Amino acid sequence: MSGKRKNSVVAIYAVIAVIFIVAFFVIPFERNATSWSAFSFGMISIFAGSIITFIAFDKGEGLKSKIYGFPMFRLGYYYTTVQLIISIIFIALELFVDVPSWIVIVSGLLLLGISVVGVIAVDNVRDVIEQHDARDAARTRTVETFRVDVDSLVGRCADNDVRKAMEKLAEEFKYSDPVSSEATAEIEAEIKEKLAELGGMINENPDESLQMISAISELLSNRNAECKKNK
């Protein structure tokens, strides 16, 4: 959610708060412990909803973090909506029957507690997902780097046979398992070393370049086999 939209949501909460306050004090009725309790929990829900909005979209960086904030935002929205409805019902009921204030307080605390626990749980889930995404990004970075390096070498090829071999190697990298592990670390180190050697000879010695491309292809095949074994 952009800063403008987030501010718009908070502005909506502010408008709801103003309407709720004005209605409570302008409508003539006898205010007692029950109505004051219902009013207080209604205001708490409005402030909590706006605070949850900031927590949901201000924490973390990047698009994924903002997307993961939507469940928390909806939780705050639902809490505010339900609590306001309950508060209005209790205030209206008090005009006709005697509603003990402890019922209002207990229900308000229960709903608030459920919402707080929900926000904490959703936030923890978001942290776990973000950590998982960061770990996956780190584990795929090596192969992504290889793909970029190979693609750049394809563009540098002057010899047609070498170019064809490089294009085939690029395809092999493209469809290789992108996730690295400890089991593939040694092979990947060899691939990195040979790609560096290939970059220095690719337009100087076509025969040696073809041999190096073949060696890299074999290492890549061994790496993919190792990936399958560890799944």
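What you see is a predicted model; the values in this text were computed from it and never measured.
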A.B. asks: Is it true that atom CG of N160 has more than 12 heavy atoms of other residues, nucleotides or ligands lying nearer than 6.0 Å?
C.D. replies: no
A.B. asks: When the ring planes of W36 and F24 are compared, do they come out parallel, tilted or perpendicular, using 30° and 60° as the limits?
C.D. replies: perpendicular
A.B. asks: Under a 4.0 Å threshold between the charged nitrogen and the carboxylate oxygen, would E144 count as salt-bridged to R147?
C.D. replies: yes
A.B. asks: Taking atom CD1 of I55 and atom CE of M72, what is their separation to the nearest 0.5 Å?
C.D. replies: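 Here the interatomic distance stands at 6.5 Å.
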A.B. asks: Do T53 and Y77 come close enough that some side-chain heavy atom pair is under 4.5 Å?
C.D. replies: no
A.B. asks: Taking everything shown except F20 itself, do over 12 heavy atoms lie less than 6.0 Å from its CZ?
C.D. replies: yes
A.B. asks: Any side-chain heavy atom of I21 within less than 4.5 Å of one from F39?
C.D. replies: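 Of all side-chain heavy-atom pairs linking F39 with I21, at least one is under 4.5 Å.
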A.B. asks: Kindly compute the distance separating OG1 (T34) from CG (D98), expressed to the nearest 0.5 Å.
C.D. replies: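 Between atom OG1 of T34 and atom CG of D98 there are 6.5 Å.
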A.B. asks: Do other residues, nucleotides or ligands put more than 12 heavy atoms under 6.0 Å from the CZ atom of F47?
C.D. replies: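 Atom CZ in F47 is not crowded, with 12 or fewer foreign heavy atoms closer than 6.0 Å.
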A.B. asks: Do Y79 and V119 have side chains that approach each other closer than 4.5 Å (heavy atoms only, starting at C-beta)?
C.D. replies: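 Result no, sub-4.5 Å side-chain heavy-atom pair not found.
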A.B. asks: Crowded around E167 CD? As in, over 12 foreign heavy atoms under 6.0 Å?
C.D. replies: yes
A.B. asks: Taking the side chain as every heavy atom from C-beta outward, state whether D161 and P206 have any atom pair closer than 4.5 Å.
C.D. replies: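 Counting from C-beta outward, D161 and P206 never come under 4.5 Å.
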A.B. asks: Listed by chain and number, what are the side chain to side chain donor-acceptor pair (under 3.5 Å) partners of T80, not counting sequence neighbours?
C.D. replies: none
A.B. asks: Does F41 reach the side chain of I44, with side-chain heavy atoms less than 4.5 Å apart?
C.D. replies: yes
A.B. asks: Compare all side-chain heavy atoms of K174 with those of E171 and state whether any distance is below 4.5 angstrom.
C.D. replies: yes
A.B. asks: If hydrophobic residues (ILVMFWY) are linked whenever their side-chain heavy atoms come closer than 4.5 Å, directly or via other members, who joins I216 in its cluster?
C.D. replies: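 Joined to I216, directly or through intermediates: F146, V150, L153, V154, V162, M166, L169, F173, I187, I191, L195, L198, M201, I202, L210, M212, I213, L219, L220.
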A.B. asks: Would you say F25 has more than 12 foreign heavy atoms packed within less than 6.0 Å of its CZ?
C.D. replies: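 Yes, the 6.0 Å shell around CZ holds more than 12 heavy atoms from other groups.
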A.B. asks: Taking atom CD1 of I88 and atom CG of L93, what is their separation to the nearest 0.5 Å?
C.D. replies: 12.0 Å
A.B. asks: Going only through I, L, V, M, F, W and Y residues with side-chain contacts under 4.5 Å, is there a path from I91 to F96?
C.D. replies: yes
A.B. asks: At what distance, to the nearest 0.5 angstrom, does CD1 of I103 lie from OG of S101?
C.D. replies: 9.0 Å
A.B. asks: A side-chain contact here means heavy atoms from C-beta on lying under 4.5 Å apart; do E30 and S35 qualify?
C.D. replies: no
A.B. asks: Report the residues that fulfil side chain to side chain donor-acceptor pair (under 3.5 Å) with S221, sequence neighbours left out, ordered by chain and then residue number.
C.D. replies: none
A.B. asks: Side chains of E218 and S214: is there a donor and an acceptor less than 3.5 Å apart?
C.D. replies: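 No - no donor-acceptor pair under 3.5 Å links their side chains.
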A.B. asks: Are R74 and Y78 in a cation-pi setup, meaning NZ or CZ lies under 6.0 angstrom from the ring centre and within 45 degrees of the ring axis?
C.D. replies: no
A.B. asks: In the structure I gave you, are the side-chain heavy atoms of V143 and R223 within less than 4.5 Å of one another anywhere?
C.D. replies: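 Yes, at least one pair of side-chain atoms sits under 4.5 Å.
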A.B. asks: Hey, is E190 close enough to K194 for a salt bridge, meaning N to O under 4.0 Å?
C.D. replies: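 No, E190 and K194 are not salt-bridged.
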